[in-house]
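Structure record follows, encoded as structure tokens.
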Amino acid sequence: MLTLYTDLLCIGAGLAGERCAVEAAGAGFEVICLSLVPARRSHSCCAQGGMQAALGNCAMGEGDCPDVHFQDTVKGSDWGCDQDVAWLFAETAPVEMRRLAHWGVPWNRVEPGVHTYYKGGKPFEKEELEENRGLIHARAFGGTAKWRTCYASDGTGHSVLYTMDNRAAQLGVQVHDRTEVISLIHDGENCLGAVARSLRTGELVVYLARATLIASGGFGRIYRNSTNAVINDGGAHIAALDTGMVPLGNMEAVQFHPTGIVPTDILVTEGCRGDGGTLLDKDLHRFMPDYEPEKAELASRDVVSRRMTEHMRKGKGVSTPYGDHLWLDIRHLGEKHIRTKLREVDEICQYFLGIDPVNALIPVRPTQHYSMGGVRTNRDGHAYGLTGLFSAGEAACWDMHGFNRLGGNSLAETVVAGGIVGQKIVEYLKGSEVSFPTGVVRDQVARDQERIEALINGENGSENVFDVREAMFDVLEYAAGIYRNGDDLERGVGELQEIHERANRIGLKTSGVGANPELALALKMPGMVRLALCVTYGALLRTESRGSHTREDFPERNDRDWLSRTLATWKDGASLPNLTYEEASPVYTIPPGERGYGGGKIIPRDAAKEEK
Amino acid sequence: MARTLTFKVFRYNPQDPADAPHMDTFVLDETESMTLFIALNRIREEQDASLQFDFCCRAGVCGSCAMVVNGRPTLACHTKTADYPSEITLLPLPFFKLVGDLSVDTGTWFREMYQRVESWIHTDLDFDPNEQEERMENDVANAIYELDRCIECGCCVAACGTARMRQDFLGAVSLNRLARFIIDPRDKRTDAEYFEVIGNDQGIFGCMGLLACEDVCPKELPLQDQLGYLRRKAALTAIGRKGPKNPQLP
């Protein structure tokens, strides 16, 4: 058994993982990043639109400051976020954007002069000042008071990831790609590293580390229809949950993005709407202003996704063999804008839909997109439950997003949180001593090896792994989508418990030799169902509507009973997660109030408790 | 009428001592808007769960799924079966080390490549968190972005005649990478320093000018423009003159 030792083990080599790695390597520590794919293929590369940071350089961003960014973020979260963390984020974001510029990101820059821009399909003019020439420019995104989203065309994630990976290479960060973590090693108090499986050879490798970081992105692939890369299947979340000690926060908070294309669910950026694109129904009527006169297409994602679904339920969707959809119209932005600033969108339309968005409408519908939930950490990024375990980026519930994330805030979070958590990891590494009891390591490896052998030999049964996954997809689709209700959730929880039993009886159809993909899926399948249960059971118990979590039977946002964060742990052998709750924020700098879009009633915090 | 598609797929699991390289045949009914992403996943789920191939973003932006489709390197995710005859032959990319079946190890090669060309900004300026960012003309930023769009899929080196003959050839992707840093005002390397790395047979002089790199690039990067520019600039740098302006710059 190959055993490797390092100071910091980053599980994930996307933006959050590498940003932490860069911080630790810069401080002289040895870092190994594990990645399912070469670092530059991480899902971060898919982020198109940009990163929010209150630089206030451009005309429409004038007067912006971290205060306003903080307010937008708290409102966007529907008061579900940790406000200390949201403030820390908003305050640090501008510095991180400038640091990225220093490292080589080709941000779009301010060009002085009068420019035309579009809002709600109509042209307007703005003037950029000569004194701001060459500073980082920004575009509009949903739920923001100012144009604040820094961007590099619509390949922002790509450019930032490549720059970050360059920086990591320069500092000697090692990336072990094609390596999948299957369990965490811990002694009940300290996290000691992880057991991983090589996706080249199938061999197990032990990584012992003084600090371990989970930065593995989201787990959207527990849903059938998702904008997520196929690697976002929650493997590292499962490893954390399976310790029985590390809680996952707010797993029921699942974001649906308004503009996944039909039928492939590939995302086209919110920048389309930010730059002035509109949503049309089957009659080519622009319907969003009917629901949201103020913000229209630029309300927050949860609101736009709900309104789209509501409108389609009224029969206003375009019917296709793949189900109903609506149209995204960017034609009026013009060929030059589409071929340059929305170039990825242009390519996606041409390659995957066979249409030219310069003169054709884009078929879109809301699709699973982002996991607000994840490994619950404190404001330093330290996971609850185990010393020496950290988390950052989408994998974490740090929690600046609460129950709805604003566009442009997740890509920014990866580097902002990565920088902050990276510094905290450095402090931790400077002050910590760890011992690695060999018995603990040996036991964990033995458990993993037994699981693998049982799957290969079909000792537990002969369930087909793909059938089990399909069954899980079906349940999440009807029970844990955009609209949820008690009956479906209750049925869903019951069915998922049965599916969990089936997942424990999977047997391989193939030999399992080498980098066998069936074995990779089979190893995490029971864990994926556990994640699905955390989502569904959490949603069943949360009897209110907040942000992306919408209960048709409980339409009010209930601050009296639910201004809280769900924490889910899973005890070995249990059939359901154990749910506890904590206060959403340690302080309410902005007291819970209306968001200014999305409507809906609020049961105030100080309302009298009802007799149950 | 829906077609029946026949896929001839290269198979080899190097971890299995009993296995030898061979071709397997799979048959599928074509569905509307079918891509190779859909087809290969269906084959794996319905016919042979051991089939190895790589997808990640499945949206044409991450570069994972490059393979040789009917003789031509391309991204499998955005390859529509409707554009092909009913028999489709799939081979792994040549040049890179085989992981198994259609899966190759691009990560190791690219990591070595960016250590060779030192693919990062070289500057002696320290970052000052209290200062405004250094200004840059938007046209310059856009020009850098154009060359920064490479997704390291490996199609260009897999299609390259020189790369097939000499393993140490840097290939179009590396030359494009260096061109990106040459036009970046933040990078303080001198022209002579750049050409120390690429002014040789492993770099700009190894290219035979077959142009396949640009033909197969799924991001349609101006790879031959960059090669031509680098060659002229190298020649002029060698005789002590200022090189030409990159065609990407305004």
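- Both the backbone and the side chain of Tyr145(B) come within contact range of chain A, with heavy atoms under 4.5 Å apart.
- Heavy atoms of Ile151(B) lying under 4.5 Å from chain A belong to its backbone as well as its side chain.
- With a 4.5 Å cut-off on non-hydrogen atoms, Val117(B) does not touch chain A at all.
- In this structure, no portion of Asn232(A) lies under 4.5 Å from any heavy atom of chain B.
- For a residue to count as touching a neighbouring chain, one of its non-hydrogen atoms must lie under 4.5 Å from one of that chain's; by this rule Glu146(B) touches chain A with the side chain only.
- The list of ring-ring contact (aromatic ring centres under 6.0 Å, His included) pairs with a residue in residues 12-52 of chain B, not counting sequence neighbours, reads Phe37(B)-Phe55(B).
- Contact annotation for Arg149(B): both backbone and side-chain heavy atoms come within less than 4.5 Å of a heavy atom of chain A.
- Heavy-atom neighbours of Gln350(A) CD from other residues, nucleotides or ligands within 6.0 Å: above the threshold of 12.
- If you measure heavy-atom distances from Cys150(B) to chain A, the contacts under 4.5 Å come from the backbone alone.
- In this structure, no portion of Gln48(A) lies under 4.5 Å from any heavy atom of chain B.
- Heavy-atom pairs under 4.5 Å with chain A were tallied for Ser64(B), Cys57(B), Gly60(B), Ala143(B); the largest tally goes to Ser64(B).
- Contact annotation for Arg186(B): only side-chain heavy atoms (C-beta onward) come within less than 4.5 Å of a heavy atom of chain A.
- Neither the backbone nor the side chain of Ile38(B) comes within less than 4.5 Å of any heavy atom in chain A.
- For a residue to count as touching a neighbouring chain, one of its non-hydrogen atoms must lie under 4.5 Å from one of that chain's; by this rule Asp126(B) touches chain A with the backbone only.
- The interface of residues 14-21 of chain B with chain A, defined by heavy-atom distances below 4.5 Å, comprises Gln15(B), Asp16(B).
- Neither the backbone nor the side chain of Asp467(A) has a heavy atom closer than 4.5 Å to any heavy atom of chain B.
- Interface remark: Glu152(B) contributes backbone and side-chain atoms alike to the contact with chain A (heavy atom separation under 4.5 Å).
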